[in-house]
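Reviewing the structure listed below.
In what follows, chains are A, B, ... by sequence order, proteins preceding strands, each numbered from 1.
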Amino acid sequence: MKALSAAQRRRRRSLYVMAALAVLSTLVFGLLQKSGQVVTYGFVLDKEWVLVQQWVINSRTASLLFGLVAVAASGVAFLQFRAGKTIGIASAVGAAGIMMSFLSWAAAGKFIPFTGLLQGALLLSVPLIFGSMAGVLSERSGVVNIAIEGQLLAGAFVSGVVASLTHSTFWGLIVAPFAGCLISTLLAVFAINFAIDQIILGFVLNVLVYGITDFLYKKLLIPYQATWNSGPTLAAIKIPILWKIPLLGPILFDQSIIVYLMYGVVFLISFSLFKTKWGLRTRAVGEHPTAADSVGIKVNRLRFMNVMIAGMVAGLGGAYFTVGGVGAFNKEMTAGKGFIALAALIFGRWTPWGAVSAALLFGFADNLQSVLGIIGTPIPSEFMLMVPYLVTVVAVTGFVGRVRAPAADGTPYKRGESH
Amino acid sequence: MRKLTVKRPSLRALTLPGLAFLLAMFFGALLIAFSDSTVLKHIGHPISFIKAAGVAVWQSYLALFEGSVYNPSLATPHDALLSWYPLSETLVTAAPLMLAGLSVALAFRAGLFNIGAQGQFIFGSIAASYVGFHFHWPIGIHLIAAVIAAVIAGAIWGGLVGLLKARTGAHEVIVTIMLNYVALYFLMWLLGTTTFLRPGRRDPISPDVLNSAKMPLLAGSNYRVNLGIFVALAAAAFVWWLLTRSTWGFRFRAVGANSAAAKTAGISVPFVMTSVMAISGALAGLGGAVHVLGSDFSLTSGTAGNFGFDAITVALLGRAKPMGVVFASLLFGALRAGGGTMQANTNTPIDIVLVIQALVVLFIAAPSVVKWVFRLKNVKTTGELAAKGWNG
Amino acid sequence: MSLELRGITKTFGALVANDSIDLKVETGEIHAILGENGAGKSTLMNIVYGLVAPDSGEILVDGVVKKISEPSDALASGIGMVHQHFMLVPVFTVAENIVLGHEKTGFAGRLDLNEARERIKKVSDQFNFDVNPDDLIEGLPVGVQQRVEIIRALIYDAKVLILDEPTAVLTPQETDDLLKIMQELKAQGTSIIFITHKLREVKAVADRITIIRRGKVVGNASPSASQSELASLMVGREVELAPDRGAHDVGAEVLVVKDLSILDITGRALVNKVSFSVRAGEVLAIAGVQGNGQSEVARAMVNLEEHVKGSITLNGEEIVGKSVRESLHAGIAFVPESRELDGLIGSMSIAENLILDLHDLAPYAKGIQLFPNVVLDEAAKRRDEFDIRLQNVTDPISSLSGGNKQKVVLARELSRPVKLLVASQPTRGLDVGSIEFVHKRILEERDAGRAVLLFSTELDEVLALADRIAVMYRGEILSIVPSGVSAQELGLLMAGVVHA
């Protein structure tokens with residue numbers, strides 16, 4: 001066999017890992033499982049059109065079945081790999097098979113609201129997706145954005161407070177982007193104009209936002225809760241017809257306006273980044289700012305603008321915590337979601353759809369953990385919670401394909417200094 | 001004649017951090033004034049507004065001082081010295097902070113940004129606590145064993161990051177951010193296990209370490225100040241020696257400044273990355289030990305508090321120099337210790353400390369802002385915080 | 001279109017990069033600007049192109065004063081530039097690079113590349129460029145990338161084209177092609193400013209020559225001037241173009257390289273089964289155009305490359321598989337290709353840079369304890385031996401000039417017991433005085449009975465120093481020839497042409 005490139009070897013290695021996991025789950029969750037209990041999957045959430053009400057199956061049979069599906073998918077992926085084709089779909093099926101095999105084992109004797117599981121996963125992904133889109137905008141143009149956490153938190157705080165003061169979710173939504181933008185403007189000023197290390201800067205900005213919101217929370221929001229911290233929340237809007245689609249309808253089309261805005265943001269960014277003038281220029285200043293400058297593009301102005309837009313996107317995502325969720329602001333309520341968004345950005349290799357997929361995966365792991373926590377399973381919830389972080393570590397160590405940041409990401413541009 | 005040119009920290013070098021601190025305190029004061037309901041009542045009358053604001057700020061910062069250095073009202077007829085009790089609290093907080101700060105600073109000098117001091121601190125705390133409550137060993141040996149366990153645990157957790165970076169090029173910032181969460185969840189899981197759950201309790205808290213494993217107190221039982229602060233100062237001296245007087249430190253600095261050239265000159269970059277992260281992790285782990293064995297005694301999910309993150313601001317304020325870290329950690333230790341008192345005695349929450357910390361570091365990092373505000377010229381600024389990206 | 005510069009002055013701190021420079025480029029001429037490295041040529045052109053703002057002076061296009069403070073101003077005035085380091089985004093296609101900054105859009109702001117594709121094809125056909133608009137830049141050879149830059153300038157109607165050291169990265173063959181292209185462009189009325197330090201090329205193509213030294217115009221010359229006249233104008237004194245090689249004895253084989261292959265991270269062979277040997281008291285030069293695998297071979301001598309097959313022996317001792325440190329201590333002195341990136345640590349002191357390799361050995365260290373005083377003493381000694389001009393050995397290395405930096409590298413590498421000196425592009429970017437010093441030192445090492453392996457892309461350097469010359473092309477050694485070979489023959493070899 002001819003020599004494989006390092007990238008191919010890594011891909012092959014990840015295929016081996018998937019095949020091994022598939023076989024392992026078939027064995028452990030399927031064949032070795034003693035309990036003959038049934039697992040029940042519920043597929044109906046609301047009054048959508050019903051294809052299947054629920055699915056009752058022997059846990060052992062289901063695990064075996066899904067395990068074999070995963071094994072078969074691994075095989076197909078391997079053949080495709082040999083033939084030099086893309087292996088995306090086969091690997092996705094394989095991963096899903098392994099996941100379902102595990103789930104059928106873990107939920108033996110229990111009821112799993114399957115649609116609810118997915119819907120919850122989407123909801124938990126919302127801030128991650130907004131955050132990672134902010135990361136895409138900023139880092140694709142060459143500014144490292146560790147301050148996503150701070151931008152989310154600022155958005156959450158300001159939108160919660162404003163919604164509470166005005167008794168209006170509308171105003172809460174309107175101001176959230178500006179709160180995020182305020183933080184990202186600081187990022188832009190110090191990173192672009194003062195050329196400070198962007199990683200340190202992002203870190204410090206997070207501390208700053210934590211400090212200010214914690215401070216104001218204790219000083220204003222707790223003592224004067226009725227005026228300052230009892231904002232209304234957004235109601236879910238059912239999109240006619242669409243929401244009735246079995247399985248997907250209630251998951252995707254029975255959501256609050258923020259989620260629909262998120263769809264818009266994702267589509268807009270993924271289209272613009274690769275198909276428009278702005279996108280071409282943005283990628284150019286992120287990859288080779290000197291080249292962009294030499295053809296008359298104002299590198300730092302474009303970067304500044306993109307970082308500001310990034311802050312607006314993250315700020316809007318922050319509103320999801322307050323007006324889009326519980327209404328009231330809580331101390332440090334973003335709870336590190338900004339960092340998981342960063343992880344999703346990196347795991348998704350700085351591409352919009354990659355980041356969205358990674359965010360959905362992390363959201364799913366998070367929700368699975370809480371669902372399993374409620375019904376009670378053999379795996380401690382803390383270990384489930386570690387999954388996104390461990391997955392990211394594995395991703396950046398290049399085990400499943402090397403991740404490469406935009407070439408000029410994190411490098412301030414000053415004319416005549418770079419090469 | 002030969003003369004060593006070791007630059008002594010001159011007053012000049014302190015100008016910038018000092019002014020940055022002043023500026024941060026000023027912004028903190030604004031925040032205090034403009035969020036205070038009694039002050040805001042006077043918003044229509046400039047003079048009384050300023051007066052009220054001044055009172056609010058003065059009270060808060062006075063409480064901050066009284067909580068961290070000297071509080072005359074604590075003195076009793078029998079013991080006038082008790083008014084210095086707050087200073088003991090400052091030193092108690094500063095000790096683990098100093099160690100974690102040294103951890104971050106050392107890694108900085110080798111070109112690595114160790115955001116993972118928090119996770120390494122957690123592992124150090126876990127190891128120290130386990131050895132501290134689980135074994136029954138004689139005084140002295142028990143303490144040393146618990147400290148060594150913490151150092152090893154921190155070194156492994158930190159060294160892992162260096163190893164991954166050296167072997168695969170994985171960026172240490174991403175890896176450490178992620179491993180911090182892993183460490184935290186590991187701790188939370190551990191606290192639910194029978195080994196670590198305190199008998200008779202259902203909430204996640206470990207048993208107290210035994211007396212034989214506690215850090216000896218330095219000023220009697222009225223004060224919590226303990227051996228930990230000397231451990232931290234000794235560690236600072238060690239890091240200074242390591243960086244300036246040892247072959248290891250020479251390599252660390254060489255790799256930190258230009259790893260390609262270091263490699264070309266025959267220095268093993270993977271070894272340096274792994275070893276510097278291991279030592280860095282060991283320092284943070286030692287911080288965990290000092291915290292658990294010196295003042296907290298038990299383990300909870302919040303054991304590490306913010307030490308690992310404050311450590312980063314400490315290292316940045318101290319400009320990644322051991323001496324700087326000592327001063328910075330004393331300052332932030334004082335803010336932390338005083339913040340508690342301030343929160344209790346005035347209606348200014350302790351979180352103002354976070355704001356001040358962040359602003360100080362921000363101004364230090366962007367000296368042009370400070371120079372502009374104070375119309376300074378000719379203050380030396382160094383480019384230690386020059387930018388690097390994910391690929392660097 | 002004519003371009004005139006009047007009194008252009010630019011200072012960077014204490015350094016005067018341009019000192020009231022006057023220059024006039026007439027319509028349809030090739031105007032060469034000749035100067036040493038660091039003479040201020042690039043700064044001047046960056047000013048013309050709007051990348052650097054001058055302290056004073058003005059730029060006139062067709063007799064009219066133009067304010068050029070941005071590259072877009074230059075482009076609008078009809079000034080195009082092909083930069084020394086290409087201004088192309090590697091992950092973009094040719095068409096994307098060419099439209100960048102001048103994008104046409106269609107429905108919903110959608111990027112429209114079709115027009116650009118057409119125009120690229122047209123220009124490409126006109127000059128036989130063979131450029132495909134949809135190729136990714138990072139997959140193209142440098143010669144083609146340069147053509148993309150030229151196409152861009154032409155598409156945007158450049159009437160004055162600045163070429164900044166355009167031949168530095170080209171094979172002699174590609175260079176000849178480029179010179180022809182320049183003639184064609186000139187024939188169509190484009191004015192060309194040709195920046196270079198290569199005398200042969202200037203003589204071949206220029207209509208007029210302006211010589212710049214230390215930021216000042218020191219004279220004009222016509223292409224009929226002799227090479228040595230031009231050289232002495234450029235340097236400011238009489239220059240010996242070739243150092244005195246003298247007679248010397250050749251000893252036993254010191255370095256034997258057998259079937260050396262080097263792969264890159266994707267598994268592609270950068271170097272393919274290369275074999276050669278170097279004897280004591282002999283200089284073997286490995287010549288070739290940049291990017292044909294020489295850099296990798298040089299690095300492999302001290303095990304800086306990761307995927308290496310084959311064997312390298314030093315006095316019979318196998319080197320492959322050792323660590324970098326072990327290779328250095330086995331008796332190899334290594335002068336890396338880039339002083340700044342691989343040779344020196346900019347923020348560390350001169351003294352520390354002098355002992356990077358020996359810092360943990362006696363007398364500098366005992367165990368883990370380092371003795372800074374000893375380090376300083378030693379630094380003073382080496383400063384005197386190698387005539388390194390410096391203020392204080394504790395100053396950071398970045399305070400030194402290029403020539404003095406290279407002396408520090410040499411001083412460090414030659415302070416170990418050395419059997420073999422590997423020098424990779426040892427004079428790149430140096431002024432003539434420093435080049436002379438380095439050449440002399442290399443010959444001294446040879447005369448002292450050491451084997452010298454020299455990697456150089458400069459024909460003159462190779463011819464001046466080598467006893468034998470191996471030419472590398474696309475990762476292989478095409479031929480090893482004696483030093484008497486002519487420059488023409490060597491040039492053909494470097495372009496991959498082998499005679500039977």
Side-chain angles (χ1 to χ4, degrees), chain B residues 1-8 108-111 166-169 237-272 274-276 279 319-321 380-388 391-392, chain C residues 265 298-299 302-304 322-329 332 334-349 351-361 364-377 379-380 392-398 409 412-413 416 424:
Chain B
M1 211 194 96
R2 49 190 205 201
K3 180 92 182 76
L4 260 187
T5 50
V6 177
K7 288 179 189 104
R8 304 260 162 239
F108 254 131
R109 295 295 288 276
R167 276 289 164 90
T168 70
F238 167 74
V239 172
W240 175 83
W241 172 83
L242 188 69
L243 282 171
T244 59
R245 292 289 184 276
S246 81
T247 58
W248 280 47
F250 184 91
R251 275 177 228 165
F252 292 172
R253 287 185 290 123
V255 169
N258 182 348
S259 63
K263 184 181 168 190
T264 306
I267 295 172
S268 165
V269 176
F271 180 76
V272 163
T274 311
S275 55
V276 79
I279 298 176
R319 310 197 133 219
K321 301 225 163 71
K380 197 176 142 254
T381 53
T382 45
E384 279 145 20
L385 305 180
K388 281 201 295 186
N391 300 316
Chain C
I265 192 165
R299 289 165 54 81
V302 288
N303 285 301
L304 281 162
K322 285 184 188 294
S323 69
V324 179
R325 184 185 164 92
E326 286 162 351
S327 325
L328 294 172
H329 287 275
I332 301 178
F334 181 67
V335 177
E337 191 171 305
S338 165
R339 295 181 286 285
E340 318 279 342
L341 296 179
D342 298 320
L344 299 167
I345 297 180
S347 60
M348 285 177 96
S349 73
E352 287 176 318
N353 270 287
L354 280 167
I355 55 137
L356 277 182
D357 54 337
L358 298 172
H359 70 272
D360 55 348
L361 300 175
Y364 314 111
K366 189 177 175 192
I368 187 181
Q369 175 79 38
L370 187 73
F371 303 113
N373 285 328
V374 184
V375 174
L376 296 184
D377 287 351
N392 200 329
V393 290
T394 54
D395 288 343
I397 199 94
S398 51
V409 174
R412 180 179 79 214
E413 293 302 317
R416 294 187 302 268
S424 197

In terms of heavy-atom proximity below 4.5 Å to chain B, should [X] be classed as side chain, backbone, both, or neither?
| X | result |
| --- | --- |
| C/Leu328 | side chain |
| C/Leu341 | backbone |
| C/Glu352 | both |

Quiz item: Of all of C/Asn303, C/Leu356, C/Val302, C/Asp342, which one pairs up most often with chain B through heavy atoms under 4.5 Å apart?
Solution: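 Ranked by contacts with chain B, first place is C/Asp342.
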Exercise. Heavy atoms only, distances under 4.5 angstrom: which of C/Leu358, C/Leu304, C/Asp357 has the most pairs with chain B? Name it, please.
Key: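 Option with the top pair count is C/Leu304.
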Practice problem: Heavy-atom distances under 4.5 Å only: say whether B/Ser259 touches chain C with side chain, backbone, both or neither. | Solution: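 Contact with chain C involves no heavy atom of B/Ser259 at all.
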Self-check item: Side chain proximity check, C/Leu344 to B/Asn258, heavy atoms < 4.5 angstrom
Solution: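 No, too far: nothing below the 4.5 Å cut-off.
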Quiz item: Between B/Phe250, B/Trp248, B/Trp241, which has the largest tally of heavy atom pairs under 4.5 Å with chain C?
Solution: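 Greatest number of close heavy-atom pairs with chain C: B/Phe250.
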Quiz item: Among B/Ala260, B/Gly249, B/Ser268, which residue forms the greatest number of heavy-atom pairs with chain C at distances under 4.5 Å?
Solution: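 When all of B/Ala260, B/Gly249, B/Ser268 are compared, B/Ala260 has the most.
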Quiz item: Do the side-chain N and O atoms of C/His359 and B/Arg251 include a donor-acceptor pair separated by under 3.5 angstrom?
Solution: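 Side chains of C/His359 and B/Arg251: pair found under 3.5 Å.
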Quiz prompt | Heavy-atom closest pair, residues C/Phe334 and C/Arg416 | solution =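 Closest approach of C/Phe334 to C/Arg416: N-NH2, 4.2 Å.
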Quiz item: Taking all atoms of both residues into account, what is the closest heavy-atom pair of C/Val393 and C/Ala380, and its distance?
Solution: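 Distance-wise, the nearest heavy atoms are CG1-N, 4.4 Å.
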Practice problem: State whether C/Arg325 and C/Asp360 are salt-bridged, where the test is any N-O pair (Lys NZ or Arg NE/NH1/NH2 against Asp/Glu carboxylate O) under 4.0 Å. | Solution: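 Salt bridge present between C/Arg325 and C/Asp360.
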Quiz item: What distance separates C/Met348 CE from C/Leu354 CG, expressed to the nearest 0.5 Å?
Solution: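 Here the rounded value is 11.5 Å.
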